[in-house]
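Here is the naming used below: chain letters follow the sequence lines, and residue numbers restart at 1 for every chain.
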Amino acid sequence: MPDTPRLILVAVAWPYANSPLHMGQVAGAYLPADIFARYHRMRGDRVLMVSGSDSHGTPVTVRAEAEGTTPEAVFQRFHRTFLETFEGMGISFDLFTTTDTPNHHAVTQDMFLRLREQGFIYEAEQTLLFDPKAGRFLPDRYVEGTCPFCGDPGARGDQCDNCGRTMDALELKDPRSRLSDATPEPRQSTHFFLKLSAFNERLREWVEPQAHWRPAVKNFTLGMLREGLHDRAITRDLTWGIPIPLPGYDDKRIYVWFEAVIGYLSAAKEWSSIQGTPEAWRDWWENPEARGYYFQGKDNVPFHTLIWPAMLMGYGGLNLPYDVPANQYVTMSGSKASSSRNWAVWMPDYVSRHDPDPLRYVLTAIMPETSDSDFTWAEYVRRNNDELVARWGNLVNRVLTMTRRNFEDRVPEPPATLAPESQAMLAAVDAAFADVGGHIEAVQLRSALGAAMGVAQLANRYLDERAPWVAVRSDREHAAETLYVAINVVSGLATLLQPFLPFTSREAWAFCGNAGDIQAAGWARSTVAAGTPLPEPHPLYKKLDDALVDDEESRLGR
RNA sequence: GGCAGGGUAGCUCAGAGGCCAGAGCAGGGGACUCAUAAGCCCUUGGUCGGCGGUUCGAAUCCGCCCCCUGCUACCA
């Protein structure tokens, strides 16, 4: 039974609303967050899982101009595709909002003003490149030119892809704007800066004792602290974004990287208002017992281990992250996902053609928790057929069809005392709840799934050893015991697998004769009593044909 | 260039000082037949990137080198 309910904030990366989600983002953040949230809900904990569309930023504006539409229209379009993907994949947000709500604007402006009052935000002049034709300041990435180090003519303002050196965009020779091809000119502009340098020591003292952080996350963060944090400009010369809450800055906006992370807080407040309990968010943000887990891809680590904590420290009174279980990348058939080369599996496409649970299964099995991992469609088909269908789906099917045929569609009556191997089998399932749960709490989801699937293998072995298909003709009570135990094992496994495979686990659980909602049944085996009527089952998973591999691979890079 | 992660069986990956280095798949063999010809048992296969070092003992710690990936902070 669950002990006292815990407060768990599941904070998930805010996707940038200028393209649909691809598989790598699901594997890196949304799926692990969902598994984690589902487990804690079953355990009886109070979970708040939030995120939203990052609707601001230069690429959104640029895309809008290219399409002759507004930034609002662009981000709203992708926001809808995100919601459809989450629905189709069973990603169970309590709230998935956007950064373009009045609430988020207000929370951001409050944080801005408070940090400024505390002296952590100051104003300074900056020299930036201005595109006279497009009439706007350019982010470094939007400037191209000749690399001052190696002479490569295709260098970008932030980095040269040829020699790998980083630079200031002002150092580029023969600079030209990627927006208009005009020659950018340096101009002075006044901006607000976040005083990150003031937090270096406090952050180090906070990060160093975090023994439960992943080594990659912790080492990377400490490395940056060792080098020393620089203050960063948090405003831009833009008109699409959150206004600066001070007079005289109409042509400037608060920049995305500063305000997007505030979304975790503003979304919690928005959710509370929607629930009709406007103060509820305080439970996750002010109670020191509450834990916030921030699910990210590795490229997002510094924003969640340094910048956001610094902002929270400066603001005061709010919980810092408990863990930032950032994942590495999932590559596609050996190469990094890329929008421009269309080297990715786009989630709207996947959802339109396939079932959610097989992908959830495969992505969890290869989840890049320690190093990059590779997705191939051949591996997808193999794991579906050999593991989901053969080991788990087939276990459910063989147990239930055999029982129904031989015991009048009901759970058979076991003897008063179970055989030692039957007791051991049930004990193994019960023990798996602590084992799988422990792995999930440590955010080791690949191990957690492996432990659950290991029980399915034990169950197949148990069946094979007791051979109820033979016993049913000679020793009916022996067969009755085996199938009674097997059904209860399947019932327990359905619960164990629910965080990973929510759609099919619900079915498997009901096939065992369980009534009600699997989510409400809790993180423990639901015992099915003898005599319980068994509904007619159907296979949980489809066996996939190898032709799918060629079909899907032909879509890559096209 | 700097920082971080990784290089372990044919393939995809676990393991982070000490039982003969593991799993799944692929390969070989077997008993069974309830089940989506699925499941179960046995089995072939590895100088754990290279070279040195520490240790009674090293994939596991240290140093140097080679290779892959990511980040390098006004893209979020």
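Contact annotation for A:D54: backbone-only contact, meaning every heavy-atom pair under 4.0 Å involves sugar-phosphate atoms and none involves a base. A:N406 comes within 4.0 angstrom of no nucleic acid atom, judged by non-hydrogen atoms across all strands. Among the heavy atoms of the strands, none lies under 4.0 Å from A:T376. As judged by a 4.0 angstrom heavy-atom cut-off over every strand, A:R236 is placed among the base-contacting residues. Nucleic acid contact for A:G297: none, since no nucleic acid atom lies under 4.0 Å from a heavy atom of the residue.
Of all the residues in residues 471-488 of chain A, not one reaches under 4.0 Å from RNA chain B with any non-hydrogen atom.
Nucleotides B:G6 and B:U43 have their C1' atoms positioned 32 Å apart, rounded to a whole Å. A gap of 23 Å separates the C1' atoms of B:G15 and B:U54, to the nearest Å.
Screening residues 370-384 of chain A for salt bridge (Lys or Arg N to Asp or Glu O under 4.0 Å), with sequence neighbours left out, gives A:K298-A:D372, A:E379-A:R382, A:E379-A:R383, A:R382-A:D386, A:R382-A:E387, A:R383-A:E387. For the ring pair (Phe, Tyr, Trp, His ring centres under 6.0 Å) condition, the pairs that include at least one residue of residues 220-244 of chain A, sequence neighbours left out, are A:H56-A:W240.
From A:D251, atom CG reaches atom CZ of A:R236 across 14.0 Å, with rounding to the nearest 0.5 Å.
Glycosidic torsion of B:A59 falls within 90° of 0, placing the base in syn.
For the pairing with A:N327, the side chain to side chain donor-acceptor pair (under 3.5 Å) check across A:E369, A:Q296, A:R214 returns one residue only, A:R214. Of the candidates A:N300, A:T221, A:T305, A:V324 forms a side chain to side chain contact (heavy atoms under 4.5 Å, CB included) with just one, namely A:T305. When A:E125, A:K252, A:Q126 are each tested for a side chain to side chain donor-acceptor pair (under 3.5 Å) with A:S189, only one passes: A:K252.
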Cut-off 3.5 Å, no hydrogens considered: what does the side-chain donor-acceptor table look like for residues 449-464 of chain A, sequence neighbours left out?
{"unit_1": "A:N460", "atom_1": "OD1", "unit_2": "A:R398", "atom_2": "NH1", "d": "2.8"}
{"unit_1": "A:N460", "atom_1": "ND2", "unit_2": "A:R391", "atom_2": "O", "d": "3.1"}
{"unit_1": "A:N460", "atom_1": "ND2", "unit_2": "A:A456", "atom_2": "O", "d": "3.4"}
{"unit_1": "A:Y462", "atom_1": "OH", "unit_2": "A:S422", "atom_2": "OG", "d": "2.7"}

### Task
If a protein heavy atom is under 4.0 Å from the base, mark B; if only from the sugar-phosphate, S; if neither, -; do that for nucleotides 6-11 of chain B going 5' to 3'.
------
### Query
What string of B, S and - do you get for nucleotides 36-42 of chain B, 5' to 3', when a contact is any protein heavy atom under 4.0 Å?
B-SBSS-
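A close approach under 4.0 Å does occur between a side-chain nitrogen or oxygen of A:R405 and OP1 or OP2 of B:A35. Using a 4.0 Å cut-off, some side-chain N or O of A:R232 falls inside it from OP1 or OP2 of B:C74.
Applying the salt bridge (Lys or Arg N to Asp or Glu O under 4.0 Å) rule to A:D355 yields the partners A:K542; only residues at least two apart in sequence or on another chain are considered. Shown here are the side chain to side chain contact (heavy atoms under 4.5 Å, CB included) partners of A:A216, two or more places apart in sequence or in another chain: A:Q328. Applying the salt bridge (Lys or Arg N to Asp or Glu O under 4.0 Å) criterion to A:E65, with sequence neighbours excluded, gives A:R136. Listed by chain and number, the residues in a side chain to side chain contact (heavy atoms under 4.5 Å, CB included) with A:D131 are A:K133, A:A134, A:L138, A:S177, A:L179, A:S180, A:A182 (sequence neighbours excluded). With sequence neighbours left out, the ring pair (Phe, Tyr, Trp, His ring centres under 6.0 Å) criterion links A:F258 to no other residue.
Rounded to a whole Å, the CD atom of A:Q444 is 14 Å from the C1' atom of B:A16. Atom CG of A:L445 and atom C1' of B:A14 are 15 Å apart (whole Å). Look at CG on A:L225: it is 15 Å from C1' on B:U72, rounded to the nearest Å. Protein atom NE2 of A:H439 is 12 Å distant from nucleotide atom C1' of B:A14, rounded to whole Å. Straight-line distance from the CZ atom of A:R253 to the C1' atom of B:C74: 18 Å, rounded to whole Å. Residue A:M367 contributes atom CE, which lies 15 Å from atom C1' of B:C13 at whole-angstrom precision.
Using a 30° and 60° split on the angle between ring planes, A:F375 and A:Y380 fall in the tilted class, from 30° to 60°.
Both A:R446 and A:P468 sit near RNA chain B, but only A:R446 has its closest nucleotide nearer the 5' end. Nucleotides of RNA chain B nearest to A:H230 and A:P215 differ in position, and the one nearer the 5' end is that of A:P215.
When each of B:A73, B:C75, B:G5 is scored by its nearest atom to the side-chain atoms of A:Y16, the top-ranked nucleotide is B:C75.
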## Note on the structure
A correct dot-bracket answer for RNA chain B, with pairs being Watson-Crick or G-U at under 3.5 Å, [ ] for crossing pairs and | for inter-strand pairs, is ((((((((.[[[[.)..(...]]]].((((.........)))).....[[[[[..)....]]]]])))))))....
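For the residue pair A:W308 and A:Y264, no side-chain donor N or O sits within less than 3.5 Å of a side-chain acceptor on the partner.
The 12-atom threshold is not exceeded at CD of A:E477, counting heavy atoms of other residues, nucleotides or ligands nearer than 6.0 Å.
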